[in-house]
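Note sheet for the following structure.
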Number of protein chains: 2
Amino acid sequence: MAYRQTALVEARLHDNRSRILAAARRLVSEGGWKEAQVASVAAAAGMATGTVYRYFPSKAELFAEVLSAVSQREVDVLAAIAASSEGALERLHTAVSTFVQRAMRNPRLAYALIAEPCDKEIDEARLTYRAAISEVIRAVIASGQAAGSLRKDVAPDLAATVIVGGFMEGLIGPLSPLGRRQRQDTEGYRREVATLADEIATLACASVASPPPNVRPFIRRPS
Amino acid sequence: MAYRQTALVEARLHDNRSRILAAARRLVSEGGWKEAQVASVAAAAGMATGTVYRYFPSKAELFAEVLSAVSQREVDVLAAIAASSEGALERLHTAVSTFVQRAMRNPRLAYALIAEPCDKEIDEARLTYRAAISEVIRAVIASGQAAGSLRKDVAPDLAATVIVGGFMEGLIGPLSPLGRRQRQDTEGYRREVATLADEIATLACASVASPPPNVRPFIRRPS
DNA sequence: TGATGGAGTGAATTGTAATTCATTTCTTCG
DNA sequence: CGAAGAAATGAATTACAATTCACTCCATCA
């Protein structure tokens, strides 16, 4: 028994793992999935390609962990807002507009994690966090319905799904590399983002607020 | 000059092209993108792989045309609804619920075309039609605002994007191979679909209907 | 110090489909 | 019929990254 792992080595291993994750995250947030190749990550982390595989079993698991780390923080932020003692409508508005504003802080990363085409396996990991966000929103809606401040004629889970889809889609244009024209460090940009966030949040709130819309849809001949 | 294309041959060529498109569409609607391989399409159309390339320059263009054909019909249906003389809110409700119901007629195909992970190039073609749908919805919203039946405090293009994202997301669960458990030919299924369509459409309508929601969002300390 | 075994390396391998193209088969018409 | 050109074929090629692994390098400790 001439070798046993010592604390120093253990620390280095842990550090390597972190460096890989950081490099992976940086590459995605700079160039999207196109840049997120295992070989590039390894190079960016200052090690050989094979080394990455000593820390992660596959590319998919590596990036799932990147996604997980970023997304979990957002879920936590939303959960904290949801847990506050404000009215349901206020919590919903704040949750949505906060999500939008935070996403716009790092648009390229948010775009990649939310919308950019990527490998199937990574895409599946997205679902998990979209579901987690949806669940937070659902709880807010359900509590608002119980308290009587929100309409009761919509299923909370469906409403939450629609709201999440809505604000994500509303974000995609502004987030996407094509939709962003302005430098991010200007006052005008900040104001635009705040306006966008408020408008999207208001749409979300309106969809579940009382009173219900008074619509009498007409019947179409099915075609 | 011993050969010139005759009408008979021209007809066969056109027929081949159609067969390729039909086969491609059938494969996607049966097995999703996983089954949508050029070789499989060729086999399903009863010809050799290389032949497909005499009609389409690439896989992406082939499937973009499949997507285009299916989507354009939906855009047309929505446009017809949008052009009717009903109130804006009624047109919006009918447009959304009609889209949902039509999608649920062929869930596997709709799922593939709307949400299933696929090649980047095909994914880009999706954007075109999502934008076209969004534009139809935007026009309805704008006309409703002009007529005074819809709130004026939301930008029509943003509202349209959010609504489209919302109803697409609301559809994904029910459309996806995992979310569908029931046979499609039962009375119960039809009723469920109708309910889903109505609920989603109602959410969409509520998000832009008058009066605006009365929300006073609280301020969070940025974290 | 040198024997032991884990850690790191990166060129080579693998897997997966799209795409090509030399060859064969079919159509046309003198 | 048979020459000429178009269309079809499908096995071979290409492209591209993920993944592997035989080897080298380093840390540990008797």
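Note that these values count all heavy atoms, side chains included, but never hydrogens, waters or copies made by symmetry. Chain naming here is simple, since letters A, B, ... match the order of the sequence lines and numbering starts at 1 in each.
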[X]: side-chain contact (heavy atoms from CB on, under 4.5 Å) partners, not counting sequence neighbours:
{"X": "Arg183(B)", "value": "Asp185(B), Thr186(B)"}
{"X": "Leu27(A)", "value": "Ser40(A), Val41(A), Ala44(A)"}
{"X": "Leu127(A)", "value": "none"}

> Among dT9(C), dA7(C), dA7(D), which is the nearest nucleotide to the side chain of Tyr55(A)?
Replying inline: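 For the Tyr55(A) side chain, the nearest candidate turns out to be dA7(C).
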
> Which part of the nucleic acid does Phe56(A) contact within heavy-atom distance under 4.0 Å: base, sugar-phosphate only, or nothing?
Replying inline: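 Nothing: the residue Phe56(A), judged by heavy atoms under 4.0 Å, touches no strand.
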
>> Tell me every residue that passes ring-ring contact (aromatic ring centres under 6.0 Å, His included) with Phe63(B), counting only those two or more places apart in sequence or in another chain.
In response: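 Phe63(B) satisfies ring-ring contact (aromatic ring centres under 6.0 Å, His included) with Trp33(B) once adjacent residues are dropped.
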
>> If the condition is ring-ring contact (aromatic ring centres under 6.0 Å, His included), which residues does Tyr111(A) pass it with, not counting sequence neighbours?
In response: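 Partners of Tyr111(A) under the ring-ring contact (aromatic ring centres under 6.0 Å, His included) test: none.
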
Provide, to the nearest angstrom, the distance between the [atom1] atom belonging to [X] and the [atom2] atom belonging to [N].
{"X": "Arg12(A)", "N": "dG8(C)", "atom1": "CZ", "atom2": "C1'", "result": "9 Å"}
{"X": "Asn16(B)", "N": "dT25(C)", "atom1": "CG", "atom2": "P", "result": "18 Å"}
{"X": "Glu10(B)", "N": "dT28(C)", "atom1": "CD", "atom2": "C1'", "result": "15 Å"}
{"X": "Asp15(B)", "N": "dA7(D)", "atom1": "CG", "atom2": "P", "result": "15 Å"}
{"X": "Met47(B)", "N": "dG10(D)", "atom1": "CE", "atom2": "P", "result": "12 Å"}
{"X": "Arg54(B)", "N": "dG5(D)", "atom1": "CZ", "atom2": "C1'", "result": "11 Å"}
{"X": "Lys120(B)", "N": "dA18(C)", "atom1": "NZ", "atom2": "P", "result": "15 Å"}

> Going by the salt bridge (Lys or Arg N to Asp or Glu O under 4.0 Å) test, which pairs reach into residues 24-47 of chain A, not counting sequence neighbours?
Replying inline: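 Counting only pairs at least two positions apart or across chains, the salt bridge (Lys or Arg N to Asp or Glu O under 4.0 Å) contacts touching residues 24-47 of chain A are Arg26(A)-Glu30(A).
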
>> Strictly by salt bridge (Lys or Arg N to Asp or Glu O under 4.0 Å), give each pair with a member in residues 38-67 of chain A just once, sequence neighbours left out.
In response: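 Qualifying pairs, neighbours excluded: Arg17(A)-Glu65(A), Lys59(A)-Asp119(A).
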
>> Once rounded to the nearest 0.5 Å, what's the spacing between atom OH of Tyr189(B) and atom CD of Gln182(B)?
In response: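 Separation between the atoms: 8.0 Å.
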
>> Distance check, rounded to the nearest 0.5 Å: Thr202(A) atom OG1 versus Leu92(A) atom CG?
In response: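 Here the rounded value is 10.0 Å.
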
At a cut-off of 3.5 Å, list every protein nitrogen or oxygen paired with a nitrogen or oxygen from nucleotides 16-20 of chain D, distance to 0.1 Å.
from    : atom 1 : to       : atom 2 : distance (Å)
dA17(D) : O5'    : Gln37(A) : NE2    : 3.4
dA18(D) : OP1    : Lys59(A) : NZ     : 2.4
dA18(D) : OP2    : Val38(A) : N      : 3.3
dT19(D) : OP2    : Tyr53(A) : OH     : 2.7
dT19(D) : OP2    : Lys59(A) : N      : 2.8

>> Using a strict heavy-atom distance below 4.0 Å, which residues from residues 19-27 of chain B are in contact with DNA chain C?
In response: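 Here the set is empty: none.
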
> Using rotation axes that map the C1' atoms of four end pairs onto the next four (five pairs an end), what angle separates the end axes of the helix from dT1(C)-dA30(D) to dG30(C)-dC1(D), to 10°?
Replying inline: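 For the helix from dT1(C)-dA30(D) to dG30(C)-dC1(D), the axes at opposite ends meet at about 20°.
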
Please output the side-chain donor-acceptor pairs of residues 70-81 of chain A that fall under 3.5 Å, not counting sequence neighbours, one pair per line with the distance.
from     : atom 1 : to        : atom 2 : distance (Å)
Ser71(A) : OG     : Leu67(A)  : O      : 2.7
Gln72(A) : NE2    : Asp76(A)  : OD1    : 3.0
Glu74(A) : OE1    : Arg102(A) : NE     : 2.8
Glu74(A) : OE2    : Arg102(A) : NE     : 3.4
Glu74(A) : OE2    : Arg102(A) : NH2    : 2.9

> Got a sec, which pairs hit side-chain hydrogen bond (donor to acceptor under 3.5 Å, both in side chains) with one end in residues 128-138 of chain B, sequence neighbours left out?
Replying inline: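 Non-adjacent pairs meeting side-chain hydrogen bond (donor to acceptor under 3.5 Å, both in side chains): Glu169(A)-Arg130(B), Ser68(B)-Tyr129(B), Glu135(B)-Arg138(B).
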
